[in-house]
Amino acid sequence: MVSTLEVTLVDGTIHEIAAGVSAGEVIRDAYGRGAVAAILNDQPVDLSTPIEESCTLDQILLESDEGVEILRHSCAHLLAQAVTELYPDAKPTIGPAIEHGFYYDFHMEPLGEEDLKAIEKKMQYFVKQNLKIEREEHTSATLAEMFADNSFKSEIISDKLEDGDASTIYRQGDFFDLCRGPHAPSTSYLRNFKLTSTSQAFWRADSSRESLVRIYGMCYANKQDLKARETLLREAALRDHRKLGKDLQLFHIDEMVGQGLILWTPRGSVVRQELQNFIGEHLRRQGYSQVFTPHIGKLDLYRTSGHFPYYQESQYPPLVERDLMAKLADDDCSCSELANMMGEGDIDGYLLKPMNCPHHIRLFASQPRSYRDLPLRLAEFGTVYRWEQSGEISGMTRVRGFTQDDAHLFVTEDQIAEEVLGCIELVQVIFGTLGMDDYRVRVGLRDPDSDKYVGESEQWEKAEAACRQAAASLGVDFIEEEGEAAFYGPKIDFVVKDVLGREWQLGTVQVDYNLPERFELEYTGGDGEKHRPVVIHRAPFGSMERFVGVLIEHFAGKFPTWLAPTQVHIITISEKHKEYAAKVASELKMIGARVEVDDSDNTIGKKIRTHRKMQPAYMVILGDDEADNDTVSIRNRKGDQVQGIPLDNFMANLSAEIETRNAEQNLVPPQE
RNA sequence: GCCACUGUGGCUUAGCGGUAUAGCACCUCAUUGGUAAUGAGGAGGUCGCGUGUUCAAUUCACGCCAGUGGCUCCA
């Protein structure tokens with residue numbers, strides 16, 4: 001007599017089944033096809049799992065987030081199967097699902113692009129075979145035996161499993177892998193995948209351990225999703241600020257000048273200058289004082305601040321005076337001796353500044369300060385230099401020299417909350433004006449296990465509390481992340497994504513009790529006693545380079561009128577209109593517009609096509625009709641056009657659009 | 001810094017052991033054209049840099065520089 005079990009589905013219906021019937025069968029009867037796995041008593045399991053007791057059951061749809069994640073994990077196994085078949089010496093290590101796909105790390109000889117194609121082909125072959133993916137349970141002893149030839153898997157087994165514990169493997173064809181599952185039922189579920197790239201990784205992300213070959217792939221539930229992702233990546237490539245920066249002549253990076261060093265072209269400099277003017281207006285309103293400080297400072301300054309001892313590897317090496325250098329050379333001083341003497345302060349030198357705060361702090365300390373002077377807000381577009389690893393440098397977003405829209409606010413403890421809020425409001429005004437609403441707020445805290453921070457615990461706690469409180473008062477979601485603090489204090493960061501989904505920290509506000517302590521800053525309070533101020537560091541753009549890089553992608557090179565490197569391109573119909581074009585150009589320049597004239601003898605279609613590439617806010621076309629009536633014909637970037645607009649009218653509207661920093665272009669009504 | 005890949009006139013690109021394609025851009029001439037390419041002609045390159053192999057290197061090898069995708073790092 002076969003016993004009968006009750007299976008309760010999420011919709012509340014109860015199915016009576018015989019013991020040993022698989023979860024998949026019950027689900028298929030109840031919901032039809034479309035599941036990739038099941039949830040049995042709140043545990044994700046394979047569809048093939050036999051039901052032995054009464055239970056609750058739900059399906060994981062192939063098209064759901066959880067379903068696709070399982071698919072991606074199974075696809076990682078498929079990759080490992082293909083790799084081990086083609087390269088019998090390759091040792092699989094780990095292979096998880098990630099956003100959009102999966103990767104798998106192998107201990108093997110490095111692969112090239114050709115190899116990737118061959119692996120992909122082999123994977124497709126296994127997909128066609130439609131191999132069953134089957135779960136097997138084994139004791140740790142058996143598992144240790146099965147994976148004896150793979151030291152990585154052995155390490156996992158001995159680390160994660162107690163003696164006598166059982167765990168599972170998944171088998172497809174001749175291939176099997178240690179894995180908890182669940183997995184898709186068979187390889188034919190995995191057909192919508194594509195291998196994307198290879199890279200080096202380290203076993204357990206530890207660079208002192210074995211170097212591994214990582215293979216990345218993407219995988220989706222259906223063909224449309226895969227195609228959509230491919231299309232998105234192609235479109236993203238078109239918005240890439242490195243490509244647009246070249247096409248639109250916004251910046252140049254020169255081999256001869258150096259890696260990660262941005263040369264701003266005239267057109268790019270316009271964008272930067274407009275942004276700086278914009279922020280300058282807000283600084284004046286908020287009571288900031290503008291300062292200028294040099295690009296270098298003595299090593300001792302940075303020993304005091306902590307920059308030199310704590311972050312030596314990410315700075316350019318110190319500059320040493322010529323006479324001292326000559327003397328050291330005469331004394332046969334070795335490089336390591338020199339480094340030691342610098343580290344210990346036996347000789348001094350200068351550092352390219354990695355941050356602006358020490359200079360600003362010395363400005364604060366240059367005079368006796370009273371509580372009446374606070375808050376003292378010192379602002380500077382200060383250029384700083386950091387030795388980023390060569391492989392990490394990229395376009396404008398990761399560079400070695402960059403200009404921060406920096407400021408340091410010297411405040412009393414009572415003023416922290418209000419001043420932090422003022423900083424955050426500034427960031428929000430800027431992001432709002434530019435239509436950047438897709439950002440997240442991150443409160444960066446200490447990593448409790450790291451010793452890279454300066455200062456006392458007590459001060460950190462106060463500062464972290466201040467940041468939390470400020471973030472909470474924002475009214476937007478924020479997350480706290482350990483290990484994301486600056487070395488002198490916690491911070492509130494505004495993080496945006498670029499077109500490829502990579503995150504960049506832009507605006508930042510940091511509360512710092514430590515540097516005032518290290519520099520022994522003081523002010524006289526209302527009580528006549530000496531008190532220590534708190535420093536708030538803030539940079540709403542972060543760096544001009546990174547911000548403009550992200551902005552190029554945000555606008556796809558189509559800057560709003562106030563930011564556009566050239567705002568109006570004037571195009572003549574024929575030679576007869578040169579004179580009128582010159583007149584219009586000079587009047588537009590009188591109101592401060594950035595204008596270019598094309599009175600060449602190319603055809604009108606040709607000229608429009610050419611100028612479109614440079615993305616002016618508007619093109620103005622001038623012919624007989626316009627010259628005779630003092631009007632203009634205007635064309636926007638979308639190709640909408642309007643004719644017979646009186647020149648005065650156009651100028652007034654253009655001025656207004658620029659002055660209000662309108663993110664939209666409104667001078668041409670949209671066409672049907 | 002590490003791994004893989006890439007580097008040909010301003011841009012996109014063909015080619016490959018015998019100093020090199022084509023398109024766009026540029027210049028000249030003709031054309032005076034109303035909203036996404038008028039026609040003809042011309043000029044422009046020590047094929048990233050260096051060393052080696054070879055009778056001969058842009059092509060092969062090695063080293064360096066720079067870029068791309070990742071890894072690691074990121075005050």
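This one's a predicted model, so the numbers in the text were calculated from it and none came from an experiment. Lettering follows sequence order; numbering is per chain, from 1.
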Classify the nucleic acid contact of [X] as base, sugar-phosphate or nothing, counting any heavy atom under 4.0 Å across all strands shown.
X	value
Asp624(A)	base
Ser211(A)	nothing
Tyr103(A)	nothing
Glu626(A)	base
Gln505(A)	nothing
Asp206(A)	nothing

Report task. Give every residue pair that meets the side-chain hydrogen bond (donor to acceptor under 3.5 Å, both in side chains) criterion with at least one member in residues 196-205 of chain A, sequence neighbours excluded. Result ->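 Every side-chain hydrogen bond (donor to acceptor under 3.5 Å, both in side chains) pair that includes a residue of residues 196-205 of chain A, provided the two are not neighbours, is Glu155(A)-Trp203(A), Glu155(A)-Arg204(A), Asp159(A)-Arg204(A), Gln200(A)-Ser211(A).
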
Please measure how far the [atom1] atom in [N] lies from the corresponding atom in [M], and state the result in whole Å.
N	M	atom1	value
A40(B)	U31(B)	C1'	11 Å
G18(B)	C29(B)	C1'	38 Å
C73(B)	A14(B)	P	38 Å
U46(B)	C11(B)	P	14 Å
U13(B)	C24(B)	C1'	11 Å
G45(B)	C2(B)	C1'	35 Å

Query raised in the report: How about Phe487(A) and Tyr453(A): are their ring centres within less than 6.0 Å of each other?
Result: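 Distance test on ring centres: not under 6.0 Å, no.
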
Query raised in the report: Checking side-chain hydrogen bond (donor to acceptor under 3.5 Å, both in side chains) against Tyr488(A), which of His307(A), Gln510(A), Gln459(A) comes through?
Result: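 Of all the options given, the one that passes is Gln510(A).
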
Quick check for you: among [options], whose closest atom lies nearest to any side-chain atom of [X]?
X	options	value
Arg398(A)	G1(B), A66(B), C73(B)	C73(B)
Arg242(A)	A75(B), U68(B), U32(B)	U68(B)
Tyr216(A)	G7(B), G67(B), C71(B)	C71(B)

Report yes if a donor N or O on one partner sits less than 3.5 Å from an acceptor N or O on the other, where the partners are the side chain of [X] and the base of [N]; otherwise report no.
X	N	result
Gln200(A)	U72(B)	no
Arg386(A)	C74(B)	no
Glu313(A)	G1(B)	no

Query - Verify stack between Tyr488(A) ring and A75(B) base, 5.5 Å, 30 degrees - result: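 Not stacked: fails the 5.5 Å / 30° test.
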
Enumerate, atom names and distances included, each donor-acceptor pair closer than 3.5 Å involving a side-chain atom of residues 595-606 of chain A, sequence neighbours excluded.
{"unit_1": "Asp598(A)", "atom_1": "OD1", "unit_2": "Ser600(A)", "atom_2": "N", "d": "2.9"}
{"unit_1": "Asp598(A)", "atom_1": "OD1", "unit_2": "Ser600(A)", "atom_2": "OG", "d": "2.7"}
{"unit_1": "Asp598(A)", "atom_1": "OD2", "unit_2": "His611(A)", "atom_2": "NE2", "d": "2.6"}
{"unit_1": "Ser600(A)", "atom_1": "OG", "unit_2": "Asn602(A)", "atom_2": "ND2", "d": "3.4"}
{"unit_1": "Thr603(A)", "atom_1": "OG1", "unit_2": "Lys606(A)", "atom_2": "N", "d": "3.4"}

Query raised in the report: Think Arg267(A) forms a cation-pi with Phe251(A), using NZ or CZ under 6.0 Å from the six-ring centre and within 45 degrees of its axis?
Result: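 Pair Arg267(A)/Phe251(A) does not count as cation-pi.
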
Query raised in the report: Any salt bridge between Glu388(A) and Arg398(A), counting N to O under 4.0 Å?
Result: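 Yes, Glu388(A) and Arg398(A) are salt-bridged.
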
Report task. State which residue, out of Arg538(A), Arg440(A), Arg442(A), fulfils the salt bridge (charged side-chain N to carboxylate O under 4.0 Å, His left out) condition with Asp493(A). Result ->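 That would be Arg442(A); it is the only one of Arg538(A), Arg440(A), Arg442(A) passing the salt bridge (charged side-chain N to carboxylate O under 4.0 Å, His left out) with Asp493(A).
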
Report task. With pairs defined as Watson-Crick or G-U wobble and both distances under 3.5 angstrom, please note down RNA chain B as a dot-bracket string, | for pairing with another strand. Result -> (((((((..(((.....[...))).(((((.......))))).....(((((..]....))))))))))))....

